[in-house]
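Model, not experiment: these values are computed from the prediction.
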Amino acid sequence: GLDKHRRMLATVDRTIAWLRGSADMKTGELFEGLEPRKQPEYEEWLVERHGPEMRERIAVSRAWLAGQGEDQLRSRMAELEAVEAALAACCAAGVDAASADLDPLLERHRRWVAEMWGRPCAPAAYQGLADTYLAHQDFVARYETRLTGFSGYLAAAMKSFAGRMVGGS
């Protein structure tokens with residue numbers, strides 16, 4: 001409810017301050033809106049949704065993250081913040097989610113995802129991630145906290161971009 005949204009907003013505020021270098025923050029706090037204590041639940045949800053091979057993918061991502069230093073993670077989270085803020089601004093400005101004008105931002109987002117996964121993010125995987133963002137209430141809440149309507153906009157933009165990548169246009 002409201003308390004969960006307050007905690008998520010506080011996390012966003014702390015994360016932005018941390019990215020700007022004006023606050024200390026532990027890596028685990030970056031994802032507080034997605035509640036680290038719920039990580040095992042999220043992982044089980046992904047395995048149920050995508051099959052047992054997802055366990056190996058989660059292990060690869062976890063190993064990659066464990067090998068990252070604080071500065072590398074700060075840089076990665078700053079990139080995500082910049083891309084999401086720019087995409088939310090496009091959404092607020094009325095740029096069509098299907099517009100190829102969004103491609104440079106979506107390519108940055110897709111590259112970020114691949115780095116966090118520790119493996120390539122093919123167009124089909126990127127489309128699948130868009131579905132995942134819409135299918136879990138915590139992801140929807142995270143994006144809606146940024147801007148009302150942003151969860152649907154981001155997913156539609158990701159799917160449109162992945163379709164253009166497959167089409168080669």
Side-chain angles (χ1 to χ4, degrees), residues 1-20 22-23 25 27-39 41-43 45-46 49-50 54 58 61 65 73-117 121-167 169:
L2 196 56
D3 190 49
K4 181 172 145 186
H5 287 286
R6 278 200 191 101
R7 277 200 322 275
M8 196 178 293
L9 283 170
T11 299
V12 170
D13 290 342
R14 273 201 318 275
T15 302
I16 291 168
W18 177 76
L19 291 169
R20 291 180 177 147
S22 58
M25 191 171 188
T27 306
E29 292 176 321
L30 286 168
F31 301 99
E32 208 170 288
L34 291 176
E35 300 189 46
R37 66 185 173 75
K38 289 178 74 176
Q39 187 65 27
E41 178 188 318
Y42 295 140
E43 291 175 4
W45 180 82
L46 286 167
R49 193 171 163 79
H50 299 288
M54 186 56 65
I58 290 168
S61 296
L65 280 170
L73 283 173
R74 184 185 306 253
S75 170
R76 294 290 71 220
M77 296 314 294
E79 171 66 358
L80 179 63
E81 172 59 29
V83 170
E84 285 184 357
L87 286 166
C90 290
C91 176
V95 176
D96 190 324
S99 172
D101 292 343
L102 298 176
D103 287 3
L105 288 172
L106 292 163
E107 177 55 27
R108 282 173 62 190
H109 184 255
R110 190 183 67 86
R111 270 199 315 267
W112 183 88
V113 167
E115 287 183 21
M116 295 305 280
W117 284 355
C121 178
Y126 196 58
Q127 285 178 316
L129 181 61
D131 288 331
T132 299
Y133 284 169
L134 289 177
H136 200 293
Q137 63 187 14
D138 290 3
F139 279 111
V140 171
R142 178 180 180 276
Y143 294 119
E144 291 301 301
T145 298
R146 181 177 284 284
L147 177 72
T148 301
F150 186 54
S151 57
Y153 181 86
L154 177 61
M158 289 168 68
K159 288 180 177 191
S160 181
F161 175 60
R164 283 190 296 280
M165 290 174 64
V166 171
S169 54

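- Taking 4.5 Å as the limit, some side-chain heavy atom of Tyr143 sits within range of a side-chain heavy atom of Glu84.
- Partners of Tyr126 by side chain to side chain donor-acceptor pair (under 3.5 Å), not counting sequence neighbours, listed by chain and number: His109.
- The closest donor-acceptor contact from the side chain of Arg110 to the backbone of Cys121 lies under 3.5 Å.
- Heavy-atom minimum distance, Cys91 versus Leu147: SG-CD2, 3.7 Å.
- When every heavy atom of Gly163 is checked against every heavy atom of Gln127, the shortest pair comes out as N-NE2, 4.0 Å.
- Residues satisfying the side chain to side chain donor-acceptor pair (under 3.5 Å) criterion with Arg111, sequence neighbours excluded, are absent altogether.
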Q.
Go through it in stages, so that I can follow the logic: the residues are Asp96 and Asp101, the test is side-chain contact (heavy atoms from CB on, under 4.5 Å), and I'd like the CA-CA distance, side-chain angles, deciding distance and then a yes or no.
A. CA-CA 9 Å; Asp96 190 324; Asp101 292 343; over 6 Å; no

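- Listed by first and then second residue, the ring pair (Phe, Tyr, Trp, His ring centres under 6.0 Å) pairs involving residues 77-105 amount to none (not counting sequence neighbours).
- Ala85 pairs by the side chain to side chain contact (heavy atoms under 4.5 Å, CB included) definition with Glu81, Arg146, not counting sequence neighbours.
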Review item, side-chain donor-acceptor pairs of residues 153-162, under 3.5 Å, at least two apart:
{"residue": "Tyr153", "atom": "OH", "partner": "Val95", "partner atom": "O", "Å": "2.7"}
{"residue": "Lys159", "atom": "NZ", "partner": "Asp131", "partner atom": "OD1", "Å": "2.4"}
{"residue": "Ser160", "atom": "OG", "partner": "Ala98", "partner atom": "O", "Å": "3.4"}
{"residue": "Ser160", "atom": "OG", "partner": "Arg164", "partner atom": "NH1", "Å": "2.7"}

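- Here the closest non-hydrogen pair linking Trp112 and Glu79 is CD1-CG, 4.1 Å.
- Nearest heavy-atom pair, Leu134 versus Ser151, reported as atom, atom and distance to 0.1 Å: CD2-O, 3.7 Å.
- Note that the CZ atom of Arg108 and the CG atom of Leu80 stand 10.0 Å from one another [nearest 0.5 Å].
- Each ring pair (Phe, Tyr, Trp, His ring centres under 6.0 Å) pair with one or both residues in residues 76-102, not counting sequence neighbours, would appear here, but there are none.
- Atom CE of residue Met116 and atom CE of residue Met77 lie 6.0 Å apart, to the nearest 0.5 angstrom.
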